[in-house]
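Residue numbers start from 1 in every chain, and the chains themselves are labelled A, B, ... in the order their sequence lines are given, proteins ahead of strands.
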Protein chains: 2
Amino acid sequence: MSDDLRELPLRERKKLRTRRALAETALRLFTEHGYDATTLDDLCDAVEVSKRTFFRNYRSKEDVALAADSDLWSAYLDRVAVAKLDGPLLEALRVALNATLEDMDPDWERRFLATRELSESVPVLQSHSLGYCQDTTRAMVETLAGRSGTGVDEPCLRLTVEIFVASWRTACLRWTAQGGQGGRDGLTDLIERTFALLPDALTCTA
Amino acid sequence: MSDDLRELPLRERKKLRTRRALAETALRLFTEHGYDATTLDDLCDAVEVSKRTFFRNYRSKEDVALAADSDLWSAYLDRVAVAKLDGPLLEALRVALNATLEDMDPDWERRFLATRELSESVPVLQSHSLGYCQDTTRAMVETLAGRSGTGVDEPCLRLTVEIFVASWRTACLRWTAQGGQGGRDGLTDLIERTFALLPDALTCTA
DNA sequence: ACAGCTAATGCCACTCAGTGGCACTGTCAC
DNA sequence: GTGACAGTGCCACTGAGTGGCATTAGCTGT
């Protein structure tokens with residue numbers, strides 16, 4: 001995830017630079033002038049690429065805004081695919097998440113916070129972001145089912161993963177609400193506390 | 001939710017008929033020819049209204065496809081707003097959901113199943129549908145927080161509602177996968193069984 | 001029954017997201 | 001160098017969604 005940039009062929013380097021410039025500039029423009037008020041033409045002008053090139057790098061306007069989300073989920077999926085995951089599943093998934101967070105690029109944290117704030121104020125981004133979560137959920141269920149030999153329809157497995165994602169989002173929401181306080185350690189801490197609340201959440205009264 | 005249609009002023013009746021015709025026809029066209037392959041112009045031609053009228057009835061193409069979802073959630077929110085909700089919150093929410101399902105229009109079930117199938121095969125609909133869930137979650141948390149006097153930031157409350165929605169979606173997924181078998185009773189049954197799995201889901205091992 | 005009011009609609013022109021096609025250019029392999 | 005080809009720019013197009021304004025049609029009052 002960190003700067004593996006210098007040891008790539010020139011062509012790849014340029015491509016990657018464009019990709020990053022697009023995501024970075026998009027985040028800045030969306031934050032400064034608003035998501036709707038920023039057109040893709042604005043973005044492409046700023047990065048000095050054609051709109052066609054934009055769409056070769058990102059599938060949609062929402063996609064580029066949520067690049068930091070995407071980075072996290074794909075890193076997480078990679079980790080889950082190779083991790084040990086012994087003991088209680090929910091706990092193992094949480095540990096893997098913490099490890100993934102620690103491994104993210106130093107700059108990712110800032111991008112992610114900006115992305116979260118944007119996502120919470122723009123409905124279409126929120127929906128799209130939830131779509132990512134759902135895709136990740138599905139992929140995780142498939143990976144885990146394939147490994148343990150049970151089918152993907154095993155309701156308990158799916159439910160566990162859903163609860164995992166729900167907890168993550170709850171923790172993430174609080175982290176964003178407090179302005180990303182404590183950086184990724186703060187986030188890790190919130191995650192831990194949120195997961196600890198789960199048994200209470202099942203039984204708490206109105 | 002049932003046919004309160006005959007006792008409305010003519011103008012309102014026509015408006016409602018148009019609304020329903022749009023949702024009904026949209027569902028049919030989307031199912032028969034595919035979501036992307038059906039343009040709003042196609043839909044408007046079929047219903048014989050202008051595109052402008054469409055957008056006065058629904059906010060987007062996704063919205064009209066997910067009308068059955070929206071119907072359920074708004075009925076559910078209405079019920080939660082007035083329900084007693086004593087005892088364990090999660091259980092009370094589930095009971096209220098069952099009651100809402102029973103009260104839905106007889107035709108709703110068919111529309112809902114078609115909507116779910118559509119939503120699972122069209123990513124943008126899935127995202128949009130998750131957005132509805134999220135909006136409902138937020139509204140529920142506000143309602144419940146306002147009633148019990150605690151703040152909306154009460155993490156346990158939000159977590160409970162998130163788990164509720166996650167369980168609902170898991171049950172719903174299975175219901176759709178088995179072709180809506182058993183109608184809404186079948187769905188109610190799946191919901192009950194899914195909620196019963198929750199304690200296991202917290203502790204199950206990989 | 002008729003005229004006036006107004007909500008709802010239709011129509012038209014527009015913006016912007018996203019796609020397809022084709023020519024071009026810079027990078028890589030030889 | 002030179003040919004191959006990935007990546008890019010440019011252009012024209014479709015389709016979602018919006019704003020404005022004229023028109024229709026349902027609800028008044030008399």
Please name all residues satisfying side-chain contact (heavy atoms from CB on, under 4.5 Å) with [X], sequence neighbours left out, ordered by chain then number.
{"X": "V122(A)", "value": "Y35(A), V124(A), L125(A)"}
{"X": "A68(B)", "value": "W108(B), R111(B), F112(B), T115(B)"}
{"X": "R79(B)", "value": "A96(B), A99(B), T100(B), D103(B)"}
{"X": "D41(A)", "value": "T39(A), K51(A)"}

Could you check how far [atom1] of [X] sits from [atom2] of [N], rounded to whole Å?
{"X": "N57(B)", "N": "dT9(C)", "atom1": "CG", "atom2": "P", "result": "6 Å"}
{"X": "F30(B)", "N": "dA16(D)", "atom1": "CZ", "atom2": "C1'", "result": "12 Å"}
{"X": "R11(B)", "N": "dT24(D)", "atom1": "CZ", "atom2": "P", "result": "16 Å"}
{"X": "E12(B)", "N": "dT6(C)", "atom1": "CD", "atom2": "P", "result": "17 Å"}
{"X": "L22(B)", "N": "dA16(D)", "atom1": "CG", "atom2": "P", "result": "14 Å"}
{"X": "D41(B)", "N": "dC11(C)", "atom1": "CG", "atom2": "P", "result": "12 Å"}
{"X": "K15(A)", "N": "dA6(D)", "atom1": "NZ", "atom2": "C1'", "result": "8 Å"}
{"X": "K14(A)", "N": "dC28(C)", "atom1": "NZ", "atom2": "C1'", "result": "13 Å"}

Under 4.0 angstrom between T39(B) side-chain N/O and dG15(D) OP1 or OP2: no

Can a side chain N or O of S50(B) be found less than 4.0 Å away from OP1 or OP2 on dC11(C)? no

Only one of L77(B), L72(B), D69(B) passes side chain to side chain contact (heavy atoms under 4.5 Å, CB included) with T136(B); say which it is. L77(B)

So, R94(B) and E91(B), do they make that salt bridge, N to O below 4.0 Å? yes

Under 4.0 Å between a Lys/Arg side-chain N and an Asp/Glu carboxylate O for R110(A) and E24(A)? yes

Just checking, R19(A) and Y58(A): is the charged tip under 6.0 Å from the six-membered ring centre and within 45° of the axis? yes

By salt bridge (charged side-chain N to carboxylate O under 4.0 Å, His left out), which residues pair with R138(A), not counting sequence neighbours? none

So does E48(A) have more than 12 non-hydrogen atoms from other groups sitting under 6.0 Å from CD? no

Using only heavy-atom distances, determine whether the side chains of R28(A) and T31(A) contain a donor-acceptor pair under 3.5 Å. no

I'd like to compare against my own output: the B/S/- annotation of nucleotides 17-22 of chain D with a strict under-4.0 Å heavy-atom distance to protein. BBBB--

Between the two end axes of the helix from dA1(C)-dT30(D) to dC30(C)-dG1(D), each built from 5 base pairs, what angle do you get to the nearest 10°? 20°

Kindly state which residues belonging to residues 42-49 of chain B come within less than 4.0 angstrom of DNA chain C, counting heavy atoms of the residue only, listed by number. E48(B), V49(B)

Would you please name every residue forming a ring pair (Phe, Tyr, Trp, His ring centres under 6.0 Å) with Y132(A), sequence neighbours left out? H128(A)

DNA chain D contacts among residues 118-135 of chain B, heavy-atom distance under 4.0 Å: none

Please table the atom pairs, donor to acceptor, closer than 3.5 Å between any side-chain atom in residues 155-168 of chain B and protein atoms at least two apart or in another chain.
residue	atom	partner	partner atom	Å
T160(B)	OG1	A201(A)	O	3.0
T160(B)	OG1	C156(B)	O	2.7
E162(B)	OE1	R169(A)	NH2	2.9
S167(B)	OG	I163(B)	O	2.8

Mind checking what makes side-chain hydrogen bond (donor to acceptor under 3.5 Å, both in side chains) contact with S50(A), not counting sequence neighbours? T53(A)

